[in-house]
Visitor: 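Take a look at this one; I'll ask things after.
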Amino acid sequence: MKHKLPLMLCTAIALLSACPESAYASEKTETSFFGKISNFFSGIFSSSKETSKSEAVKADIKQESSVTTSKDSSTEDMQIAARFPDKTVISVQDVNKLTNAAPDSLQNQYPQAKIYQLMLMQLVTSKLLNDAAVQEGIDKSDDYIKKSQDAHNVVKTQLVLTQEIDKILTDAVLKEQYDDFIKVMPKEDEYQIQHILLSDESKANEILNSLKKFKGEILKREFADAVQKHSADAQSKKNNGIVGWLPKQKLNNDAFNEVASGELVGKVVKVFNEGYSVIFIKGKRPAQPPTFEQAKAELKQVILPQYALQVIEKLRKDMGVTLTGLDKQHMELPALPPMPKLGADPKNLPEMPKPKDFSAVNEKDLDNTMVVAEMKDGSKITLQEVRDSIADLPDSLKAAPFHEQFTPALLKLADMKILDKIAKDRKIIDSPEFKERFEKAKKTVLSKLYMDKKLENRITQKMIKETYDSISDLFSKDEMAICLRHVMVKSKDKAQDLLNKILKGGGVKKFEEYIASESIDEQSKKNNGKIGCIPQKDLKPEIAEILFKKPQGTFVEEPIQMAEEGYSIVRVEEKKKIQPPTIEQLKPQLFKLAAKKESEKILRQVVKESKVEMFDSKGNKIDINGLLNPKNAEGESN
């Protein structure tokens with residue numbers, strides 16, 4: 001059973017994902033506008049250094065840091081979506097432009113009116129936070145200048161990569177990947193959900209119990225009536241509580257098991273911090289695969305990193321990059337493995353190349369002026385530059401020894417130099433696309449720095465504990481795991497022959513000999529045959545039944561096909577109850593969740609104090625209080 005994990009940092013993926021373009025990435029379970037808007041501030045730019053931090057770039061960064069908006073006096077023929085007290089406005093055209101750039105998954109998920117409000121709120125909060133940051137002088141800070149310089153470089157190199165990828169990632173290639181994915185797409189059911197959202201659990205249970213006495217058409221009518229009387233979800237209420245079709249795996253709740261179309265879910269379902277839902281299954285059907293046109297944009301994003309790797313590999317060769325290792329010997333450029341098909345079994349993914357081992361090198365003997373990379377145009381990288389780039393990494397990424405970080409850091413620096421040179425040759429920074437993206441990037445940097453400042457020292461231990469309690473329902477309850485060791489061989493007959501010798505007196509000693517001499521699972525062989533502790537739900541039912549019947553410390557009397565590569569002689573080492581993660585184990589994630597919730601409060605406060613006016617696409621004034629406090633607008637308390 002091979003566990004193939006990448007062992008090298010991927011420059012191309014880092015570059016493609018380092019600069020957030022929008023705020024509409026969100027989970028379908030979220031109902032809060034600010035839960036989605038706050039994603040806008042979650043992007044962190046790459047820590048890569050500028051290859052040349054010119055004064056011109058610094059001046060460009062300082063030139064403008066607030067949202068570009070129009071003054072009322074110049075918008076007589078413009079349909080206004082938002083008007084600020086300083087007389088600047090956001091137009092409906094601005095909102096529509098952002099909406100048109102949103103992925104199909106968002107457009108299919110919500111009614112057009114809600115998407116319009118979401119995009120408008122994103123533009124409004126972006127301006128307000130940028131203005132607030134400027135008022136506090138954050139746009140003059142060294143931190144802002146540095147992060148904007150990083151963003152400048154990232155946007156520039158992203159555009160080069162995109163141009164190169166577009167040459168090979170044609171519609172024909174995407175269609176081939178789409179066809180492969182459809183063949184292996186899981187055959188899941190999806191449910192059409194109708195719900196009543198309440199802030200009080202006892203009230204939700206009361207409504208659920210009152211509805212349980214009805215069936216059929218009467219239940220449908222009574223449920224629709226209860227939606228209008230009680231639901232705090234203002235958006236779905238307009239559609240009788242219907243929130244659309246959701247795949248079964250997205251529901252992730254045992255309460256939905258075996259519930260048929262036209263039936264109530266038997267218990268109230270907690271919707272994170274939003275409240276408690278009474279749910280009716282309005283419809284059930286096999287999951288509908290998206291069409292190629294619907295999937296094309298998101299499909300491209302999924303496979304983009306792998307094509308970026310191909311581009312990077314080609315550019316390294318074209319630029320004649322030569323590398324020198326810490327041992328002062330020539331180091332070959334890593335050859336990337338062939339690209340896997342979309343939807344391929346993770347167990348069968350090709351391995352990433354392993355970096356050369358420099359653990360034996362005495363780092364104290366190294367000269368920091370040593371050239372560790374050269375290109376045919378004369379560009380060079382010194383060991384000191386590699387050290388500086390690692391020093392700029394976040395603390396969480398600097399824990400590994402220098403000799404392990406050297407190769408990926410060196411490759412990243414080389415790639416940045418290559419992309420920077422191409423960008424200069426093509427005059428990328430003079431293009432309208434670069435200027436537009438860089439403006440967005442600066443606004444994101446400024447908004448994030450403002451939010452970071454407001455959140456500083458605001459997240460308490462009590463908040464982290466409350467966040468932990470709020471997600472505790474998601475942890476496995478009374479779930480078992482089984483810890484195993486095995487010998488894997490290619491044929492069932494050979495496995496049976498080895499097993500017979502073990503059972504006839506060879507015992508554990510013979511078993512461990514076979515692990516070392518016969519097993520084809522290189523990963524577990526290094527750990528005396530251990531394949532870890534596997535949750536019962538992750539095993540095939542027929543295999544789980546065999547394994548869990550065996551006492552601890554015994555062999556299974558028949559070979560088992562644990563993976564496609566072969567058949568295993570399995571020894572059950574331990575059976576144990578899965579313990580939920582502790583607060584300490586989840587502390588980084590809990591901190592982020594708590595910070596996100598506090599960010600929503602800050603955003604609400606900023607909008608509330610701004611006295612901005614907002615209008616729908618038909619010119620009707622939007623109830624901002626209803627957007628900020630959807631539950632209060634419907635008579636429910638937060």
Visitor: Does Lys442 make a cation-pi contact with Phe438 (under 6.0 Å, within 45 degrees of the axis)?
Guide: yes
Visitor: Using side-chain heavy atoms (C-beta onward) and a distance below 4.5 Å, is Glu263 in contact with Ile281?
Guide: no
Visitor: Determine whether a donor-acceptor pair (N or O, by modelled atom type, separation under 3.5 Å) exists between the side chain of Gln194 and the backbone of Asn240.
Guide: yes
Visitor: So which atom in Val124 and which in Ala82 form the shortest heavy-atom distance, rounded to 0.1 Å?
Guide: CG2-CB, 3.9 Å
Visitor: Just by distance, do the side chain of Thr88 and the backbone of Phe84 share a donor-acceptor pair under 3.5 Å?
Guide: no
Visitor: Is a side-chain donor-acceptor pair under 3.5 Å present for Ser91 with Asp94?
Guide: yes
Visitor: Which atom pair, heavy atoms only, marks the closest approach of Arg437 to Gln158?
Guide: NH1-OE1, 4.2 Å
Visitor: Going through the checks in order, is the side-chain contact (heavy atoms from CB on, under 4.5 Å) test met by Ile138 and Ser141?
Guide: CA-CA 5 Å; Ile138 294 175; Ser141 69; 4.2 Å; yes
Visitor: Roughly how far, to the nearest 0.5 Å, is OH of Tyr116 from CE of Met121?
Guide: 11.5 Å
Visitor: Would Glu298 and Val302 count as a side-chain contact (heavy atoms from CB on, under 4.5 Å) if you check the C-alpha gap in whole Å, the side-chain angles of each, and the deciding distance to 0.1 Å?
Guide: CA-CA 6 Å; Glu298 291 184 53; Val302 171; 5.6 Å; no
Visitor: Students often mix this up, so state it plainly: with edges at 30° and 60°, are the rings of Phe475 and Tyr468 parallel, tilted or perpendicular?
Guide: tilted
Visitor: Checking Ser126 side chain against Leu123 main chain: does a donor-acceptor pair fall under 3.5 Å?
Guide: no
Visitor: Quick check against the 3.5 Å criterion: does Lys454 have a side-chain atom that pairs as donor or acceptor with the backbone of Ser599?
Guide: no
Visitor: Applying ring-ring contact (aromatic ring centres under 6.0 Å, His included), run through Tyr276 and His195 and close with a yes or a no.
Guide: CA-CA 10 Å; Tyr276 300 86; His195 84 141; over 10 Å; no
Visitor: For the pair Leu455 and Ile602, evaluate side-chain contact (heavy atoms from CB on, under 4.5 Å) and give the outcome as yes or no after the intermediate values.
Guide: CA-CA 9 Å; Leu455 288 169; Ile602 293 170; 3.9 Å; yes
Visitor: How long is the span from the CG atom in Asn625 to the NZ atom in Lys608, to the nearest 0.5 Å?
Guide: 6.5 Å
Visitor: Which is it for Lys127 and Val612 under the side-chain contact (heavy atoms from CB on, under 4.5 Å) test, yes or no, and what are the steps along the way?
Guide: CA-CA 11 Å; Lys127 172 181 163 50; Val612 63; over 6 Å; no
Visitor: Output the distance between atom CD1 (Ile242) and atom CD1 (Ile193), rounded to the nearest 0.5 Å.
Guide: 10.5 Å
Visitor: Looking at Val607 and Thr125, what are the two nearest heavy atoms and their distance?
Guide: CG2-CG2, 3.8 Å
Visitor: When rounded to the nearest 0.5 angstrom, what is the spacing between CD in Glu600 and CD in Glu598?
Guide: 9.5 Å
Visitor: Indicate the atoms forming the closest heavy-atom contact of Ala441 with Val155, along with that distance.
Guide: CB-CG2, 4.0 Å
Visitor: Charged N to carboxylate O below 4.0 Å: is that the case for Asp452 and Lys448?
Guide: yes
Visitor: Quick one: pull up CD1 in Ile428 and NZ in Lys156 and give me the separation to the nearest 0.5 Å.
Guide: 10.0 Å
Visitor: Which atom names give the shortest non-hydrogen contact between Ala151 and Val445, and what distance separates them?
Guide: CB-CG2, 4.4 Å
Visitor: Verify, without hydrogens or angle tests, whether Gln405 (side chain) and Ala400 (backbone) share a donor-acceptor contact under 3.5 angstrom.
Guide: yes
Visitor: Are Gln117 and Asp616 close enough that a side-chain donor and a side-chain acceptor fall under 3.5 Å?
Guide: no
Visitor: Quick one: do Glu466 and Lys597 make a salt bridge, cutoff under 4.0 Å?
Guide: no
Visitor: Sub-3.5 Å donor-acceptor pair from the side chain of Ser447 to the main-chain atoms of Thr444, do we have one?
Guide: no
Visitor: State whether the side chain of Glu613 and the backbone N or O of Lys621 hold a donor-acceptor pair below 3.5 Å, judged by distance alone.
Guide: no
Visitor: Are there more than 12 heavy atoms of other residues, nucleotides or ligands under 6.0 Å from atom NZ of Lys97?
Guide: no
Visitor: Are any of the side-chain heavy atoms of Leu299 and Lys296 separated by less than 4.5 Å?
Guide: no
Visitor: Using 30° and 60° as the class boundaries, would you call the ring planes of Phe280 and Phe223 parallel, tilted or perpendicular?
Guide: tilted
Visitor: Can you tell me if Asp225 uses its side chain to pair, donor with acceptor, with the backbone of Arg221 under 3.5 Å?
Guide: no
Visitor: Do you know the tightest heavy-atom contact between Leu120 and Ala81?
Guide: CD2-O, 3.6 Å
Visitor: OG1/Thr467 to NZ/Lys592 distance, rounded to the nearest 0.5 angstrom?
Guide: 14.0 Å
Visitor: So, Ser148 side chain and Ile145 main chain: donor-acceptor pair closer than 3.5 Å or not?
Guide: no
Visitor: For Val154, does its backbone N or O pair with a side-chain atom of Thr157 as donor and acceptor, under 3.5 Å?
Guide: yes
Visitor: Tell me, do Ile207 and Val268 make a side-chain contact under 4.5 Å, heavy atoms counted?
Guide: no
Visitor: Identify the residue among Val269, Ile196, Leu197, Leu264 that makes a side chain to side chain contact (heavy atoms under 4.5 Å, CB included) with Ile279.
Guide: Val269
Visitor: Is Lys453 paired with Asp143 through a side-chain N to carboxylate O contact shorter than 4.0 Å?
Guide: no
Visitor: Would you check if Gln79 and Phe615 make a side-chain contact, meaning some heavy-atom pair closer than 4.5 Å?
Guide: no
Visitor: Any luck finding a side-chain donor-acceptor pair between Asp233 and Ser231 under 3.5 Å?
Guide: no
Visitor: Around Asp142, counting heavy atoms of other residues, nucleotides and ligands shown, do more than 12 lie under 6.0 Å from its CG?
Guide: no
